[in-house]
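Have a look at the structure below before the remarks.
The sequence lines fix the lettering, A, B, ..., with proteins before strands; numbering per chain opens at 1.
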There are 2 protein chains.
Amino acid sequence: MDQSKNILKRNGLSITEGRKLILEIFLQSMGALSHADIEKSASVSLDRVTIYRTLQTFVDSGIIHQIPTTDNTILYALCKDSCEAGHHHDNHVHFICMECEKTICMDEVIVPKVQLPKGFEPVNAAMVVKGMCSDCHN
Amino acid sequence: MDQSKNILKRNGLSITEGRKLILEIFLQSMGALSHADIEKSASVSLDRVTIYRTLQTFVDSGIIHQIPTTDNTILYALCKDSCEAGHHHDNHVHFICMECEKTICMDEVIVPKVQLPKGFEPVNAAMVVKGMCSDCHN
DNA sequence: GCCGAATTTGCAATAATGTTGCAAGTTTTT
DNA sequence: AAAAACTTGCAACATTATTGCAAATTCGGC
């Protein structure tokens, strides 16, 4: 019942050690991870290039999604809903704690629609809230 | 009536050629710019390092603000309201056109408040909408 | 299970991006 | 006009990302 194996299979990807490992890291972490986070937390050493390529593959397949940040890194997090290739449903709010620096996907808080000026056609929207998370807020 | 000069003066910064030039580029562009964009569009050649430092200075002073992206670059755009040092008021929505790739500040569309789970304390929120801009939408 | 085809990985090389120290040059202050 | 404060550019370095290619792994049919 290897969960990571199933996810890979479901998305029509070859099942390899590296992919399973990276997927495990996501499944265990809960929060969002950067390339560097994954490189650090990999028990077995994975080549940097493999990590880049695997993350890209996962994004393309809809297994993970990207979270915009203002510090020239990209964060990645598991998609909860069944995202299909090239068609993400990550319409939830992301929360960055200014204390512990963790990024959390708030799957239950969906991004509200906004009224755009005439002529602008929205396709998708991302929202990132900064503040204090429940653990640090005391 | 050098507008760039005034902005610098108002923020207590030394008035130098490089700063005026970069500020002009922002004033003329309307949209959001990356470090690379500025490097390209500078008529006079500016040192890469100077651009990095100037952008940081402008962010610190509240002249420009950062826009989160999912492609490991940072975009910068002029703050419309009077932002003070260390205290930005860039609570407006950003729009990225998937056709022309431009990023536009929608100063009139403010980021809506969302209801966060218990214990989470928001400080500020950013919102990025992707889609078709009015120029490309035809 | 074995074998060939297709895919994936790791290494090396290269490119792009970001940072720091310091001397020389500018701007501001007095 | 000179001193003090600040800014710039260069050089060196560090980090992060991309590409080509050969070796290794995985997949599919048998």
Contact between [X] and [Y] at the side-chain level, heavy atoms closer than 4.5 Å - yes or no?
{"X": "Ile67(B)", "Y": "Ile74(B)", "value": "no"}
{"X": "Leu33(B)", "Y": "Ile25(B)", "value": "yes"}
{"X": "Leu8(A)", "Y": "Lys5(A)", "value": "no"}

Inspect the surroundings of NZ in Lys102(B) and state if more than 12 heavy atoms from other residues, nucleotides or ligands are less than 6.0 Å away.
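No, because the 6.0 Å sphere around NZ of Lys102(B) holds 12 heavy atoms or fewer from other groups.
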May I ask you to check whether His65(A) and Tyr76(A) place their ring centres under 6.0 Å from each other?
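Not under 6.0 Å, so no.
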Nearest to the Tyr52(A) side chain among dA17(D), dG9(D), dT19(D), which nucleotide is it?
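It is dA17(D).
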Could you tell me how far apart [X] ([atom1]) and [N] ([atom2]) are, to the nearest whole angstrom?
{"X": "Ile38(A)", "N": "dA17(D)", "atom1": "CD1", "atom2": "C1'", "answer": "15 Å"}
{"X": "Ile22(B)", "N": "dT7(D)", "atom1": "CD1", "atom2": "C1'", "answer": "12 Å"}
{"X": "Lys20(B)", "N": "dT8(D)", "atom1": "NZ", "atom2": "C1'", "answer": "15 Å"}
{"X": "Gln56(A)", "N": "dA17(D)", "atom1": "CD", "atom2": "C1'", "answer": "12 Å"}
{"X": "Ile51(B)", "N": "dG9(D)", "atom1": "CD1", "atom2": "C1'", "answer": "12 Å"}
{"X": "Asp60(B)", "N": "dT7(D)", "atom1": "CG", "atom2": "P", "answer": "12 Å"}
{"X": "Asp47(A)", "N": "dA17(D)", "atom1": "CG", "atom2": "P", "answer": "14 Å"}

Let me know, please, whether Asn72(A) or Thr57(A) comes out on the 5' side of the other along DNA chain C by nearest nucleotide.
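Its nearest nucleotide lies further toward 5', so the answer is Thr57(A).
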Report whether Leu55(A) and Val49(A) are members of the same hydrophobic cluster (ILVMFWY, side-chain heavy atoms less than 4.5 Å apart, transitive linking).
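No, Leu55(A) does not connect to Val49(A) through the hydrophobic network.
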Would Ile15(A) end up clustered with Leu78(A) when hydrophobic side chains under 4.5 Å apart are linked, directly or stepwise?
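Same cluster: Ile15(A) reaches Leu78(A) through Ile, Leu, Val, Met, Phe, Trp or Tyr contacts under 4.5 Å.
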Boundaries of the chain A footprint along DNA chain C (any atom under 4.0 Å from a heavy atom):
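Contacts span dT7(C) to dG18(C), reading 5' to 3'.
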Contact class for Arg19(B) vs. all strands (heavy atom < 4.0 Å): base, sugar-phosphate, or nothing?
sugar-phosphate
Between Ala36(A) and Val49(A), which has a closest nucleotide on DNA chain D that is more 5'?
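Looking at the nearest nucleotide for each, Ala36(A) comes out on the 5' side.
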Summary of protein contacts for nucleotides 21-30 of chain D, nucleotide by nucleotide, where a base hit scores B, a sugar-phosphate-only hit scores S (4.0 Å, heavy atoms):
-----SS---
Would you compute the distance between atom NZ of Lys118(B) and atom OG of Ser134(A) and round it to the nearest 0.5 angstrom?
11.5 Å
Closest heavy-atom pair, Val59(B) versus Gln66(B), reported as atoms and distance to 0.1 Å, is CG2-CG, 4.0 Å
